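Worksheet for the structure shown next.
Each residue takes its place number in the sequence, starting with 1. Because the structure is predicted, anything quoted here is derived from the model rather than measured.
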Amino acid sequence: MLIICPGIHEEKLTESFVSTLLPNRVSSGGTPQICILPPCDRPYLPLEILQFLHQSGAIDLNRPASTAPLIWIGFSAGVVGAIGAAWGLYSLQCPIKAFIAIDGWGVPLYAPFPIHRVSHDYFTHWSSALLGPGGESFYADPPVEHLALWRSPQYAVGWSLPASGSILSPQRTTAVEFLRGAIKGG
């Protein structure tokens, strides 16, 4: 299951992000089930995220270990709440396949599950890695605006970087292709 935790912005930006990331999600049987948190003024509260997931039927908090493996995507302030909620579920034996932080600047990201970072510029990429480098990452080069990365990840061209210690080289790609790879690979 794919859980998307937007930041504080207009809902149409998230609609654009999802339709770009998963253009065939309605007709494709291979696309994971998706749960998109509604817009709110406090996407940084893990307990509210967990409550929404439980009330919507996406996750049974009485039996979280029976949940299908989760892939989290958080954007901006949504990264704060998403990482807290992911940790909470992980502590209850809920399987976490991957966590993707998009422009989660200033959010410490250490976890026993795979973490991928996506940044709108090199400075955000570099400075965010000080609080937990995670695994594979992407940064836009040339830089794009913060909200443009969420609204139109297909136009953010940059560098996909392998996890630290990997023998692979950085690759030129787009943010949307990096995200699709992270979702497939976990």
Any donor and acceptor pair, going by atom type alone, linking the side chain of D141 with main-chain N or O of Y122 inside 3.5 Å? no
Under the rule for salt bridge (Lys or Arg N to Asp or Glu O under 4.0 Å), what residues qualify as partners of E48, not counting sequence neighbours? R42
Shortest non-hydrogen contact from F17 toward I4: CE2-CD1, 4.3 Å
Any heavy-atom pair between the side chains of L70 and P95 that's under 4.5 Å? no
Answer yes or no: is there a side-chain heavy-atom contact under 4.5 Å between T20 and W150? no
Transitive ILVMFWY side-chain link V107 to L131, under 4.5 Å: no
Where is the tightest heavy-atom contact between A140 and F138, given as atom of each residue plus distance? N-CE2, 3.6 Å
Pairwise distance CG(L61) to CZ(R63) - rounded to 0.5 angstrom: 12.0 Å
Taking the side chain as every heavy atom from C-beta outward, state whether T174 and L179 have any pair of such atoms under 4.5 Å apart. no
Given the rule that I, L, V, M, F, W and Y join up when any side-chain heavy atoms are under 4.5 Å apart, are V80 and W105 in one cluster? no
For a quick test of reading the model, state the closest non-hydrogen atom pair linking G104 to V79 and the distance between them. CA-CG2, 3.8 Å
Tell me, please, which residues at least two apart from Q154 pass side chain to side chain donor-acceptor pair (under 3.5 Å). none
Side chain to side chain contact (heavy atoms under 4.5 Å, CB included) partner of L53, the single match among T67, I59, D60: I59
To the nearest 0.5 Å, tell me how far H146 NE2 sits from H9 NE2. 7.5 Å
Over 12 foreign heavy atoms within 6.0 Å of CH2, W87: yes
Between G106 and S128 the two heavy atoms that sit nearest each other are N-OG, 4.2 Å
Between F75 and the options T14, V118, I102, the side chain to side chain contact (heavy atoms under 4.5 Å, CB included) test singles out I102
One thing to verify: whether E15 and K12 come together as a salt bridge, which I'm taking to mean a side-chain N less than 4.0 angstrom from a carboxylate O. no
Straight-line distance of L2 CG to I183 CD1, nearest 0.5 Å: 5.0 Å
Taking side chain as C-beta onward, heavy atoms only, is L37 less than 4.5 Å from P6? yes
Roughly how far apart are S56 OG and Q51 CD, rounded to 0.5 Å? 10.5 Å
For a 4.5 angstrom cut-off between non-hydrogen side-chain atoms, does F52 reach P38? yes
Can you tell me how far apart CD1 (I3) and CD1 (I100) are? Round to the nearest 0.5 Å. 12.0 Å
Does H116 reach the side chain of F178, with side-chain heavy atoms less than 4.5 Å apart? yes
Could you tell me the separation between the CD atom of E177 and the CG atom of L21, rounded to the nearest 0.5 Å? 9.5 Å
Give a yes or no answer on whether the side chain of S137 reaches the backbone of R117 with a donor-acceptor pair at less than 3.5 Å. no
Scanning both residues in full, the closest heavy-atom pair of N62 with P64 reads C-CD, 3.5 Å
If you group Ile, Leu, Val, Met, Phe, Trp and Tyr by side-chain heavy-atom gaps below 4.5 Å, do I115 and L130 land in one group? no
Considering all heavy atoms of both residues, which atom of F113 and which atom of A86 are nearest to each other, and what is their separation? CZ-CB, 4.0 Å
Out of curiosity, does Y155 fall in the hydrophobic cluster containing L149 (side-chain heavy atoms, cut-off under 4.5 Å, transitive links)? no
Taken in chain and number order and not counting sequence neighbours, the residues that satisfy side chain to side chain donor-acceptor pair (under 3.5 Å) with H125 are none
Just so I know, are the side chains of W72 and I49 near enough to count as touching, which here means a heavy-atom distance under 4.5 Å? yes
Atom OH of residue position Y110 - does it have more than 12 heavy atoms of other residues, nucleotides or ligands inside 6.0 Å? yes
Transitive ILVMFWY side-chain link V144 to I73, under 4.5 Å: yes
